[in-house]
Participant: 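One structure follows; several queries about it will come next.
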Amino acid sequence: MLIKKSITIKKHRTSISLEKEFWNALEIVAIQKSSTIERIISDIDIDRNTSLASSTRVFILQYFLQQS
């Protein structure tokens, strides 16, 4: 099930829908990077070539693959 959350990117409000597991993973990444979920998603937004949700999922996958 998708969970939709509103965030601010570049001073504009937008929303992103991700599965609960991805939101949980983003929380872990934010803690490990001493950052916020909004900041991480803002950084993802800068370099993305696909939808924000897809780019976020790929970022999370790559992040945890690099950790292992």
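Because the structure is predicted, anything quoted here is derived from the model rather than measured. Residues: numbered from 1 along the sequence shown.
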Participant: Applying salt bridge (Lys or Arg N to Asp or Glu O under 4.0 Å), name anything that partners Glu27, two or more places apart in sequence or on another chain.
Facilitator: none

Participant: Work out which heavy atom in Leu18 is nearest to a heavy atom in Ala53; give both atom names and the distance.
Facilitator: CD2-O, 3.8 Å

Participant: Restricting to salt bridge (Lys or Arg N to Asp or Glu O under 4.0 Å), what partner residues turn up for Lys10, sequence neighbours left out?
Facilitator: Asp45

Participant: Less than 4.5 Å apart, any side-chain heavy atom of Phe59 and any of Ile41?
Facilitator: no

Participant: With rounding to the nearest 0.5 Å, note down the distance linking CG in Asp47 to OG in Ser55.
Facilitator: 9.5 Å

Participant: Quick check for you: to the nearest 0.5 Å, what is the distance between Leu26 atom CG and Glu21 atom CD?
Facilitator: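 These two atoms lie 12.0 Å from each other.
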
Participant: Are Ile28 and Ile7 connected into the same hydrophobic cluster when the rule is that any two of I, L, V, M, F, W, Y join if their side-chain heavy atoms are below 4.5 Å apart?
Facilitator: yes

Participant: If you look at every heavy atom in Ser17 and Arg57, which pair is closest and at what distance?
Facilitator: O-NH2, 3.5 Å

Participant: So, the side chain of Ser54 versus the backbone of Thr50: is there a donor-acceptor pair under 3.5 Å, distance only?
Facilitator: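 No, the answer is negative, given that no donor and acceptor are paired below the 3.5 Å cut-off.
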
Participant: Which residue, Val58, Ile60, Thr56, Ile9, forms the side chain to side chain contact (heavy atoms under 4.5 Å, CB included) with Ile44?
Facilitator: Thr56

Participant: Throw together a table of side-chain donor-acceptor distances under 3.5 angstrom for residues 31-38, partners on residues two or more places apart or in other chains.
Facilitator:
| residue | atom | partner | partner atom | Å |
| --- | --- | --- | --- | --- |
| Gln32 | OE1 | Tyr63 | OH | 2.6 |
| Thr36 | OG1 | Arg39 | N | 3.0 |
| Glu38 | OE2 | Thr8 | N | 3.3 |

Participant: Over all heavy atoms of both residues, which pair between Trp23 and Ile3 is shortest? Give the atoms and the distance, please.
Facilitator: NE1-O, 2.9 Å

Participant: Check for a donor-acceptor pair, side chain of Ser68 on one end and backbone N or O of Leu65 on the other, with a separation under 3.5 Å.
Facilitator: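 Present.
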
Participant: Are Phe22 and Leu2 in one and the same hydrophobic cluster, where Ile, Leu, Val, Met, Phe, Trp and Tyr link if side-chain heavy atoms are under 4.5 Å apart?
Facilitator: no

